[in-house]
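Note on naming: letters A, B, ... go to the chains in the order of the sequence lines (proteins, then strands), and numbering restarts at 1 for each one. Hydrogens, waters and symmetry mates are skipped; everything else that's a heavy atom, side chains included, is used.
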There are 2 protein chains.
Amino acid sequence: MDKRLRFISHLRCFESAARFQSYSQAARELSVTQAAVSQQIRNLEQQLGVKLFSRQGRNMLLTQQGQTLAEYVRQAFSTLSSGFDKIMVEPEDGVLTVTASLSFSSVWLVPRLWKFSSQYPNISVRAVASAQLEDLRYSDIDVAVRQADEIKADVHQEVLIVDPVYPYCSPNLVEEMDLHSPEKLADCWLVEAIDPGRFSWKTWFDTAGVKMQRELISWIEVTTWEMGLNAVMSGHGVCLASASMASELVNKGLLVRPFDIPIEPGLKFTLLYDKESPKLARINIFAEWLKTELTQGDSSPISVARPTEHNLRP
Amino acid sequence: MDKRLRFISHLRCFESAARFQSYSQAARELSVTQAAVSQQIRNLEQQLGVKLFSRQGRNMLLTQQGQTLAEYVRQAFSTLSSGFDKIMVEPEDGVLTVTASLSFSSVWLVPRLWKFSSQYPNISVRAVASAQLEDLRYSDIDVAVRQADEIKADVHQEVLIVDPVYPYCSPNLVEEMDLHSPEKLADCWLVEAIDPGRFSWKTWFDTAGVKMQRELISWIEVTTWEMGLNAVMSGHGVCLASASMASELVNKGLLVRPFDIPIEPGLKFTLLYDKESPKLARINIFAEWLKTELTQGDSSPISVARPTEHNLRP
DNA sequence: CTTATCCATAAGTTTTACTTATATAACCTT
DNA sequence: AAGGTTATATAAGTAAAACTTATGGATAAG
């Protein structure tokens, strides 16, 4: 056993710092402080008796010897990763833990899980609702589905669909309020998220070419898409929602889309998982099913206003 | 950065245990306790979620997955060792620290270092005398020369010579005591080490075919070969010493070998160094010089009794 | 010149890796 | 069968390593 392998744990810091040429960035990657990285590398240099980095202002450049070692370390780490991959593969069958927002979980995912289960009876899906993205690398959660324009996470990301966002309300309200033009919406209660971002009623009215006077409208504020949908389903105003999320309710005749005017680009649905997960086989099956289900789920609305001339849709 | 590399330091225990199929032997190799190895491997198995060993009575057999991982780890470690080798090579020039027994250091090595230095002026040798073999892997000592039949050490060993052991005394004593037959030695003071092992006067007399009566002989006990040589050099009796150690003194006419009857196999001189030392180039130069010097140093004695018929020498 | 960013270092804190002690099982010898 | 030896497993305790926090110095950019 090579005695120099006693310092093997230091090599993680070394390899990361070598790649970034920066201790701070290495520290971020490894989720430790800069000082920890600095000390580990100093320690490694002392033990090996070799100077691996030379400081150039704020950059840590590799010495010739540092470059040589970095190459070998990279190769060794790659070999180890391959070894781990080889022994850590789980079969397709088994449990899969999926996390998504409360809205998506309750409105979309959970109502459809029976479909997945009947198609893949040997895969058991456990749904976990969470407001934030959960850790996918170091926790026991395997897959996440999130709705956001950009997700900062150090895992694999895959856009499933970009879901247009339309107004939705109960069928009764369409008749009751005679909703045949976008302007008429100003007479209704409008349901809006506390922090809607791009998916605000203002954005929609702009898209529809209608001038909105916020102070003349009655507002209902909600914290989740689900709450919005639940509100309008019982006749309380009109809300904005993505087509997929509303599709089940529309299919059941509980909601209609009064105007076929979307906010686009719509709501991005992203699938996230750890590329190094031993459950990759299982995750891939779920991902395919999810993608299919999301794209097929956008069926035509039962009742909808015709497009105006400046907003033609195929 | 592969998150599974967090467990990289556990892989030392794993690889050793895999090779030995024994935690105890791994523990010995790594200089830790069996319990430490057991816990590290249990930890690794838990973290990876993979069973790596299965117990068969007193053996720890690798599972299929354990075997697979062991192969990858071996390969990765080999790559790292190569990397270390590549960056840790020192040039031929520089300092070399040599350890040897007090006797060899003072009687043989130090008096000859000027020869090495003039031949290799860019290599500076530092001689360290020690009663025991020093640690060559984790200390700053590069090379050891020891005299012993068997040396237990986890480093590279190379027999330099097997040096015959003869009686030596001052030239005056040969005349004074008329030492023309081995039997005459019983009338002299005999110098012997406290724990001579194979190199006792009894062994020599047996070799010479002379019956020794210990209680009729006057004894001087010494702790080192050097002390013995110093004693007889000043006329105090006869001591046993290896040819090389005595050669300088013989050449200078300070000692003679009264009888050309050796104890053989003689005293084994072994060179030891760490095969992974960055100073290998330097060590090899020193080793070659040492070997040459030791074999050339066994010159003929100035005054010696002729061999008897049952102890002919070429 | 000021501000921001980066690494180096010392001191303190937390976590990991180790040791010791003991239990259990397997193996060997008489 | 009994007794002794050898091997690993585990719990509790200890020591060492790895980390954090705080601070200083250097550099780069505005």
Starting from [atom2] on [N], measure out to [atom1] on [X] and report it in whole angstrom.
X: A:Leu44; N: D:dA18; atom1: CG; atom2: C1'; answer: 14 Å
X: B:Gln34; N: C:dA26; atom1: CD; atom2: P; answer: 16 Å
X: A:Arg28; N: D:dT20; atom1: CZ; atom2: C1'; answer: 17 Å
X: B:Arg12; N: D:dA17; atom1: CZ; atom2: P; answer: 12 Å
X: B:Gln21; N: C:dA26; atom1: CD; atom2: P; answer: 18 Å
X: B:Lys51; N: D:dT8; atom1: NZ; atom2: C1'; answer: 12 Å
X: B:Gln46; N: C:dA17; atom1: CD; atom2: P; answer: 13 Å
X: A:Ile41; N: C:dC6; atom1: CD1; atom2: P; answer: 15 Å

**Study point:** Whether A:Gln34 side chain and A:Ser24 backbone form a donor-acceptor pair below 3.5 Å
**Key:**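 No, A:Gln34 side chain to A:Ser24 backbone: no donor-acceptor pair under 3.5 Å.
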Point to revise | Residue among A:Asp274, A:Asp142, A:Asn284 satisfying side chain to side chain donor-acceptor pair (under 3.5 Å) with A:Lys279 | key: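 Only match with A:Lys279 under side chain to side chain donor-acceptor pair (under 3.5 Å): A:Asp142.
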Exercise for review: Would you kindly compare A:Asn43 and A:Gly57 by the position of their nearest DNA chain D nucleotide and give the one closer to the 5′ end?
Suggested key: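 By nearest-heavy-atom nucleotide position, the 5'-most residue is A:Asn43.
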Check your understanding: So which one's nearest nucleotide on DNA chain D is more toward 5', A:Ser31 or B:Ser24?
Key ->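 On the 5' side of the pair lies B:Ser24.
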Check your understanding: Side-chain N or O of B:Ser38 less than 4.0 angstrom from OP1 or OP2 on D:dT10?
Key ->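 The answer is no; no side-chain N or O of B:Ser38 sits under 4.0 Å from OP1 or OP2.
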**Study point:** Any B:Arg42 side-chain nitrogen or oxygen under 4.0 Å from OP1 or OP2 of D:dA9
**Key:**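 No, B:Arg42 has no side-chain N/O under 4.0 Å of OP1/OP2 on D:dA9.
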Counting side-chain heavy atoms from CB outward, which of [options] is closest to [X]?
X: A:Arg58; options: D:dA9, C:dA4, D:dT10; value: C:dA4
X: B:Tyr23; options: D:dC19, D:dA9, C:dT9; value: D:dA9
X: B:Thr33; options: D:dA18, C:dT20, C:dA17; value: C:dT20
X: A:Met60; options: C:dC7, D:dT5, C:dC18; value: C:dC7
X: B:Val32; options: D:dA22, D:dC19, C:dT19; value: C:dT19
X: A:Ala35; options: D:dG25, C:dA17, D:dA22; value: D:dA22

Practice item. Scan A:Gln39 against the nucleic acid and name what it touches under 4.0 Å (heavy atoms): base, sugar-phosphate only, or nothing. Key: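 Here A:Gln39 touches the bases of the nucleic acid.
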Exercise for review: Please report the closest heavy-atom contact between B:Ala17 and B:Ile41, naming both atoms and the distance.
Suggested key: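 Shortest heavy-atom separation between B:Ala17 and B:Ile41 comes out as CB-CD1, 3.6 Å.
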Exercise for review: Using a cut-off of 6.0 Å, state whether more than 12 heavy atoms not belonging to B:Lys3 lie near its atom NZ.
Suggested key: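 Enclosed.
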Practice item. Would you mind checking if A:Glu192 and A:Arg214 are paired as a salt bridge, meaning a charged N to carboxylate O distance below 4.0 Å? Key: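 So A:Arg214 pairs with A:Glu192 through a salt bridge.
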